[in-house]
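See below for the structure under consideration.
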Amino acid sequence: MDELFHRSEHNPLITESGLPYQANAVFNAGVADLGEEVLLLLRVETPSGRSHLIVARSRDGVTNWEFEECALIHAEHGCPYETLGAEDCRITWVPEMERWVLAYTAFMRAGPGVALATTEDFKSVRRIGLVQPPENKNAALFPRRFDGLFAMLHRPYSTSGGVWLSYSPDLVFWGRPQLVLPTRPGPWWDGVRVGAGLPPIETDEGWLLIYHGVKDVANNPIYRLGAALLDLEEPHRVIGRARRWLLSPHKPYERTGDAGNVIFACGGMVRDGELWMYYGAADSCICLARASVGDILDMVRNEPT
Ligand code: BMA
């Protein structure tokens, strides 16, 4: 099947063997476009199974990654809701705060919850706190308010596994939860679970949401990426959803790893109309694929669900 995304010839960009730490794997990175460089907030999983969030920088966003020595968010730093790790960070620049907001999965004995923190420079963070109790993950914040309220996508655990949206006046207290993107029935590629991928991207036609969809094949999940469009002023309203997926595991580094057949994206950036999407492959490495935002919007428009 044709796919809109083109993989980088440098894939995988980052593997555990390139890190200056002893690690099991590196995957599912948040992304910040700093103009002169691209910053990734890597999920680095240690031999204890816990993940930390570590900064990597590159001038061209592809090669010569430099890694910070200390984790920005580290499971051993005594935060009670991160005792078992911090995972899968989505990064949103919020102009009114003049700060980056980090939305990540905080792992504790009770399971995965959603935590928020802010940073100005990716050298230190200020924790806002746990904002969605377990089980909840895949949180992505919109960069602006709607009718005075912040909005965040997240995925509470439920048997039907859909993406929900909650609103908040202050990023601390969240309410008005509502189901935005349900799974599709039965054998669909996104029939078992769906979750937000990248923080939503504002376009003239709506908020472009790249999400992951899961299908179980003989008890082996396949994680693929698809696209939906949310209303510009009422982002809990889906106005389009493509039938086909955008990217599916095919390459050896996507097929084989700690979790084979997984493509999982938490961040990207748009440059000259092109979406640079960084994704974790097989829960083992970081890869890059690019596609025209216009082409993705065409696909959503032309393949209404
Ligand atoms: C999801 C998350 C991701 C992971 C994926 C595939 O539930 O936990 O971190 O990449 O499963 O294992």
Side-chain angles (χ1 to χ4, degrees), residues 11-16 23-31 40-46 48-54 73 75 81-82 84-91 102-115 132 134-140 153-164 181 183 189-199 210-226 245 247-251 253-268 277-289:
N11 279 354
L13 302 187
I14 304 175
T15 61
E16 130 285 327
N24 172 53
V26 52
F27 51 117
N28 302 359
V31 180
L40 299 186
L41 202 41
L42 309 174
R43 169 177 174 188
V44 174
E45 189 186 280
T46 68
S48 74
R50 288 176 297 179
S51 294
H52 310 303
L53 301 181
I54 292 191
I73 294 189
Y81 51 81
E82 286 162 21
L84 299 184
E87 306 179 352
D88 303 354
C89 184
R90 277 89 175 173
I91 305 173
L102 314 180
Y104 58 98
T105 302
F107 228 104
M108 64 208 100
R109 285 296 290 275
V114 170
Q132 297 288 343
E135 288 201 3
N136 238 298
K137 48 165 73 170
N138 301 322
L153 300 168
H154 57 105
R155 203 215 69 208
Y157 178 78
S158 75
T159 43
S160 57
V163 176
W164 288 61
L181 198 75
T183 50
W189 63 269
D190 51 0
V192 170
R193 260 189 316 281
V194 288
L198 284 52
I210 308 289
Y211 69 94
H212 62 259
V214 183
K215 176 184 173 80
D216 268 334
V217 178
N219 282 332
N220 293 308
I222 304 178
Y223 280 70
R224 299 182 172 104
L225 294 174
W245 58 73
L247 194 64
S248 174
H250 285 307
K251 297 285 179 190
Y253 50 82
E254 298 161 349
R255 291 283 194 195
T256 310
D258 277 5
N261 289 320
V262 170
I263 285 185
F264 197 92
C266 297
M277 184 179 70
Y278 293 85
Y279 64 96
D283 282 6
S284 296
C285 58
I286 305 272
C287 297
L288 170 66

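This chain uses plain numbering: 1 for the first residue, then up along the sequence. Just so you know, ligand 1 is whichever comes first in the structure, and atom 1 is the first atom listed for that ligand.
Distances from ligand 1 to the non-hydrogen atoms of Lys137 include at least one value under 4.0 Å. Heavy-atom distances between Arg43 and ligand 1 reach below 4.0 Å in at least one pair.
Atom OG1 of residue Thr105 and atom CG of residue Asp88 lie 5.0 Å apart, to the nearest 0.5 angstrom. Distance check: Leu198 CG to Cys266 SG gives 8.0 Å after rounding to the nearest 0.5 Å.
Nearest protein neighbour of atom 12 (O) of ligand 1, counting heavy atoms only, is Asp283 OD2, 2.7 Å. Nearest protein heavy-atom neighbour of atom 3 (C) of ligand 1: Asp88 OD2, 3.3 Å. Closest protein heavy atom to atom 11 (O) of ligand 1: Tyr223 OH, 3.2 Å.
The shortest N/O to N/O separation between Glu87 and ligand 1 does not fall below 3.5 Å.
Taking the centre and axis of the six-membered ring of Trp189, the NZ or CZ atom of Arg224 falls outside the cone set by 45° and 6.0 Å.
Side-chain N/O atoms of Asn220 and Asn261 include no donor and acceptor closer than 3.5 Å. Remark: the Arg155 side chain and the Asn136 side chain contain no N/O donor-acceptor pair separated by less than 3.5 Å.
Contacts of Thr105 with ligand 1, taken as heavy-atom pairs under 4.0 Å, are absent altogether.
Contact atoms of ligand 1 toward Asn28: 3 (C), 4 (C), 9 (O), 10 (O) (distance under 4.0 Å to a heavy atom of the residue).
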Quiz prompt | Worked verdict on Asn138 versus Phe264 for side-chain contact (heavy atoms from CB on, under 4.5 Å) | solution = CA-CA 11 Å; Asn138 301 322; Phe264 197 92; 3.4 Å; yes
